[in-house]
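The structure displayed is predicted, hence computed values, not measured ones.
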Amino acid sequence: MNAVTPFEGIGASVKRKEDLRFLSGRGQYTDDINRPGQAYAYILRSPHAHARIAGIDTATAAAMPGVLAIYTGADTAGLGSIPCGWQIHNKDGSPMAEPRHPMLAEGKVRHVGDQVAVVIAESRAQAKDAAEAIGVDYDVLPAAPTLDAAQVPGAPLVHDGVAGNICYDWHIGDKAVNDAAFAAAAKIVTFETTNNRLVPNAMEPRAAIGDYDTTTGEYTLFTTSQNPHVIRLLMGAFVLQIPEAKLRVVAPDVGGGFGSKIYHYAEEAIVTWAAGKLGRPVKWTCERTESFMSDAHGRDHITKCSLALDANGKFLGLRVHTQANMGAYLSTFAPCVPTYLYATLLAGVYTTPTIYCEVTAVFTNTVPVDAYRGAGRPEATYLLERLVDIAAAETGIDRVEIRRRNFIPNDAFPYQTPVALQYDSGNYTATLDAALQAADWAGFEARRAEAAKHGKLRGIGCSTYLEACGIAPSAVVGSLGARAGLYEVGTIRVHPTGSVTVLTGAHSHGQGHETTFAQLVADRLGVPVAQVDVVHGDTAKVPFGMGTYGSRSLAVGGSAMFKAMDKIIAKGRKIAAHLMEASVEDIEFDRGTFRVAGTDRTKALAEISLAAYVPHNYPIEELEPGLEETAFYDPKNFTYPGGCHIAEIEIDPETGKVSVVNFTAVDDVGRVINPMIVEGQVQGGVAQGIGQALLEHAVYDADGQLLSGSMMDYTMPRADDLPLVGVATHTTLCTHNPLGVKGCGEVGAIGSPPAVMNAVVDALKSYGVRHIEMPATPAKIWGILHAGRKLAAE
Amino acid sequence: MYDFAYHKPASVADAVKLLSADPDARPISGGQTLLPALKHRLNKPSAIIDLSGIAELRGIRREGDKLVIGALTKHVEVADSAEVKSAIPALAQLAGTIGDTQVRNRGTMGGSVSNNDPAADYPAAVLALDATIVTDKRRIAADEFFLGMFTTALEPGELLVAIEFPIPEKAGYAKMKNPASRYVMAGAFVAKTKSGVRVAINGAGPCVFRQTEMEQALTANWSPDAVASIKQPADDLNSDIHGSAEYRAHLVTVMAKRAVAAAG
Ligand SMILES: Cc1cc2nc3c(=O)[nH]c(=O)nc-3n(C[C@H](O)[C@H](O)[C@H](O)COP(=O)(O)OP(=O)(O)OC[C@H]3O[C@@H](n4cnc5c(N)ncnc54)[C@H](O)[C@@H]3O)c2cc1C
């Protein structure tokens with residue numbers, strides 16, 4: 001059983017183990033779980049973006065059938081604030097504004113969907129009926145739902161104590177050096193853009209069940225989370241004051257997150273606290289419409305930037321000012337997204353020697369904004385890659401050539417950027433060349449001419465991008481304001497007969513960890529994938545963990561497993577040496593087999609594990625029985641995947657509709673463990689990137705009502721909006737983690753939007769178009785074409 | 001969803017009796033419009049009268065130079081019907097583009113036409129083909145039926161039983177879908193019928209309407225070019241985050257042109 005046949009180790013496209021239960025409808029999601037005696041919570045939400053609560057009358061509702069309890073902010077005011085996990089400091093060194101984020105509104109509501117009261121009843125319908133009978137007396141206030149509206153003089157204040165609605169005013173880079181570069185520039189290209197606000201829309205809406213054991217005093221929270229241990233920490237320590245030993249958090253099968261399920265949400269605290277008060281399990285399940293107004297949104301930046309170039313098109317300096325919408329309250333990661341996950345990425349793949357970036361974070365009367373697939377990096381990449389295309393157009397240098405001239409050369413690694421990061425490896429020319437070839441860039445003009453014959457406007461665009469993930473070295477992020485470490489934990493438990501259980505602090509909600517992680521074990525320990533079980537998502541089973549986001553699961557979580565396997569192998573060698581009466585130094589290990597060097601004397605891993613658990617013939621004096629090891633792995637650096645995405649699009653000028661006809665992604669994600677899973681991750685990310693570029697937009701009106709508040713008005717990408725995405729990889733290894741892996745979860749969403757938009761602008765270049773804001777909807781494109789036509793007629 | 005009583009009558013007569021006895025009762029056919037409204041608590045009927053057990057509301061029949069389609073006929077049945085495909089291919093094609101597979105497997109022609117959503121597909125076909133709406137009480141000409149947004153000539157408690165479509169010489173349909181909902185943003189159904197050329201525009205305005213200028217142009221010259229330069233006035237058209245009234249007006253011309261081309 002040692003030989004793994006067929007090969008299932010690193011590099012094999014093993015079919016996803018978890019898919020059998022998902023595709024046959026046997027996944028166990030939070031809403032599938034029902035606890036004995038369970039009651040149901042319904043959250044009454046604010047219909048107003050901004051209002052004072054003059055009073056709440058619950059008397060009628062409380063007397064309705066099935067109602068067990070109704071709680072409002074008056075009941076939870078003594079509990080902690082929903083905490084923020086990252087503290088940013090202003091330019092002057094003072095900390096950001098961090099107003100209280102109550103579980104239930106206290107005197108004021110700040111966005112449509114803000115939690116006003118919770119009704120707990122015997123059934124969901126009864127809870128909902130009663131919620132309708134609650135009388136809330138609102139004094140409606142003027143709202144500030146956009147970055148502009150929140151910053152005009154005299155704007156309504158989202159939080160009474162936060163002047164000008166400014167959460168923080170932050171900067172990075174050396175302004176004097178930057179100014180000097182601009183003073184010496186031959187050419188300065190400027191550009192202003194909005195990064196459109198998005199709604200994550202995971203397929204599974206959020207849900208939570210709080211349970212309280214009156215005998216042991218132990219709380220259990222089942223929740224749709226990407227990081228159960230983090231929720232335990234945030235909710236237990238900061239909101240409800242429940243010690244870790246008395247609080248179990250379980251995140252079972254989770255149907256997609258894309259960031260939106262990282263954060264600690266009020267509903268988790270509400271059901272846990274209410275379960276304790278009532279002594280009954282309390283379940284809450286979000287409805288889709290409710291998701292739109294209560295899940296953290298993504299993006300929403302307005303940015304002005306300029307690029308200084310010399311006469312040869314070399315970038316001399318970049319200057320950026322970004323306003324970032326935080327929404328009404330600070331969600332868990334919100335403050336770090338437009339700062340350390342954004343401004344530090346502005347070097348991209350280029351040698352720009354000086355970068356200065358200022359970021360103003362602003363409170364508005366909208367749902368909180370936080371990390372969404374890519375988090376800050378898509379915003380930076382979009383800005384940079386559009387700016388480079390505009391610079392190419394305005395200097396007359398070919399868009400591919402201007403990129404090549406500015407690439408960080410292959411021999412420059414490790415490369416220190418002017419914005420804090422140090423890239424370990426990459427080969428941007430290789431991914432560019434491979435993508436140009438795969439997309440037949442050279443043959444494009446013929447295709448453009450052919451499309452024109454059929455009345456279509458065809459365009460092509462590329463983006464050469466880089467991102468920083470594998471989050472993150474604890475000491476580094478700590479110095480930047482993170483209130484947690486970002487290591488990961490892995491336990492390898494080799495059972496007596498040689499099968500393996502892996503316990504990981506990472507959490508799979510679509511990524512295929514059960515397969516990829518099993519392959520790591522198969523590759524190293526020679527145990528077949530079918531005999532490797534991956535356990536995650538339960539604080540009672542997994543020692544600790546920081547969860548899954550920032551493409552960290554393999555780079556950090558996988559590395560922890562690797563380190564744990566190191567310990568297993570080291571212990572196994574000692575046992576093998578004892579059994580084969582050789583010295584430990586002479587024991588070699590390869591894929592499940594311990595061998596006395598230079599001999600044919602071997603012991604299989606299963607023989608070693610059996611000896612470890614049945615230690616009859618065992619070095620019991622110096623070695624403990626058992627074969628289980630845990631490692632905490634703290635990464636030494638971020639990882640830096642990068643590559644080139646090329647989009648080819650066609651516009652129907654009669655309707656303005658843009659179709660992506662071809663999409664090529666060549667990514668360097670470091671060592672590839674399962675090529676099929678990487679391909680799926682990239683395709684999914686590209687789908688979301690195309691969604692941002694062409695379709696998706698969360699729009700608030702002046703009163704703070706979400707106009708795109710359902711699938712009827714929020715355009716989610718559908719299969720027929722998407723091309724077949726060609727995915728290829730070109731590997732340079734990460735130099736600082738033991739697997740050489742970089743991460744592939746976000747590259748698709750990071751690299752693709754500017755590639756698509758560069759293609760759209762390219763298609764319209766004969767109309768004199770310099771830039772188009774995302775999403776490039778049919779109506780917007782038609783407006784441009786229509787105005788162009790009018791221009792031509794005049 | 002609020003609580004309601006549920007009835008499943010077996011005949012039109014019984015259904016009408018139930019409806020007339022209770023002004024707050026509502027009929028349900030495919031439920032693809034009514035159910036979401038109930039789930040969102042936008043509607044509070046005292047009773048739901050499920051029409052699915054009424055055999056006389058089903059079926060597609062050819063009667064001389066007419067196609068008669070029962071109110072309960074599902075979109076998928078219209079799309080797949082050999083009878084419809086040979087008599088009015090544009091109608092079968094239209095039915096095949098309504099919503100998605102699940103919607104087409106449940107939604108019905110009677111439900112859609114009585115609902116008269118401005119962004120629905122069937123009303124354009126009914127109006128352009130000069131169809132007759134047959135109810136439990138009377139026969140209503142298409143021109144008299146669609147009164148305004150979600151409003152028809154049906155009286156409270158009146159049931160749509162069938163729709164009679166005179167078979168046209170030619171017909172064609174083209175639409176631009178709303179990118180998010182995939183309902184109609186602007187569509188045109190054109191038909192050369194015994195009573196003349198008829199052009200019905202859906203999606204663009206608050207209610208399906210006839211584009212008479214295009215009808216005249218096509219009467220003189222049945223070709224896409226005939227409508228290509230006819231501008232639909234933008235006044236009174238819909239405007240929302242997906243497109244202005246001007247954009248919809250422009251799409252009306254484009255879709256009319258495409259519909260004529262599709263009709264051949
Ligand atoms: C996701 C989705 C996408 C959709 N996309 C489209 C689309 O692209 N184009 C489109 O045209 N439609 C679309 N629809 C609507 C769909 O076609 C519905 O089926 C249709 O509008 C209503 O038909 P129904 O049989 O479901 O009616 P129901 O929902 O059962 O009823 C609708 C209304 O009509 C009344 N009613 C039903 N039957 C009768 C009758 N015989 N006599 C009198 N009144 C009656 C009901 O009381 C109710 O008020 C979509 C629906 C969904 C859910």
*Largest heavy-atom contact set with chain B, pairs under 4.5 Å, which of A:Ser708, A:Pro778, A:Gly656*: A:Pro778
*Sort A:Asp701 into side chain, backbone, both or neither according to what part of it lies under 4.5 angstrom from a heavy atom of chain B.*
neither
*Counting only heavy atoms not in B:Arg106, do more than 12 fall under 6.0 Å of its CZ?*
no
*asked:* Taking side chain as everything from C-beta outward and backbone as N, CA, C, O, which of these in A:Lys780 sits under 4.5 Å from a heavy atom of chain B? Side chain, backbone, both or neither.
replied: neither
_Which portion of A:Glu696 sits near chain B, non-hydrogen atoms under 4.5 angstrom_ = neither
*asked:* Is B:Met185 close to chain A through its backbone or its side chain, or both, or neither, when contacts mean heavy atoms under 4.5 Å?
replied: neither
*Find out whether B:Tyr247 and A:His786 are in side-chain contact, i.e. whether some heavy atom of one side chain is under 4.5 Å from a heavy atom of the other.*
no
*Side chain, backbone, both or neither: which part of A:Ser710 has a heavy atom under 4.5 Å from chain B?*
neither
*Quick one: which of B:Met176, B:Arg182, B:Arg258 has the most heavy-atom pairs under 4.5 Å with chain A, could you say?*
B:Arg182
*Among all residues two or more places apart in sequence or in another chain, which pass the salt bridge (charged side-chain N to carboxylate O under 4.0 Å, His left out) test with B:Asp3?*
none
*Rounded to the nearest 0.5 Å, how far does OG of B:Ser181 lie from OH of A:Tyr714?*
15.5 Å
*Tell me, for A:Met716 versus chain B, whether the close heavy atoms (under 4.5 Å) come from the side chain, the backbone, both or neither.*
neither
*Applying a criterion of heavy atom separation less than 4.5 Å, what residues of residues 29-44 of chain B form contacts with chain A?*
B:Lys39, B:His40, B:Arg41
*So, does B:His250 use its side chain to make a donor-acceptor pair with the main chain of A:Glu654 at under 3.5 Å?*
yes
*Listed by residue number, which members of residues 205-242 of chain B have a heavy atom under 4.5 Å from any heavy atom of chain A?*
B:Ile241, B:His242
*State, to 0.1 Å, how close A:Met712 and B:Ala180 come at their nearest heavy-atom pair, and which atoms those are.*
O-CB, 3.4 Å
*asked:* Pair A:Lys128, B:Tyr2 - check side chain to side chain contact (heavy atoms under 4.5 Å, CB included), show working.
replied: CA-CA 10 Å; A:Lys128 217 167 169 177; B:Tyr2 297 107; over 6 Å; no
_Residue list, salt bridge (charged side-chain N to carboxylate O under 4.0 Å, His left out) with A:Arg45, at least two apart or on another chain_ = A:Glu267, A:Glu290
_Over 12 foreign heavy atoms within 6.0 Å of CE, B:Met1_ = yes
*Does any heavy atom of chain B fall under 4.5 Å from the side chain of A:Thr655, the backbone, both, or neither of them?*
both
*asked:* So that I can tick it off, tell me whether A:Asp720 and B:Lys177 are bridged by a salt bridge, with the cut-off set at under 4.0 angstrom between side-chain N and carboxylate O.
replied: no
*Between atom CH2 of A:Trp782 and atom CZ of B:Arg248, what is the distance when rounded to the nearest 0.5 Å?*
11.5 Å
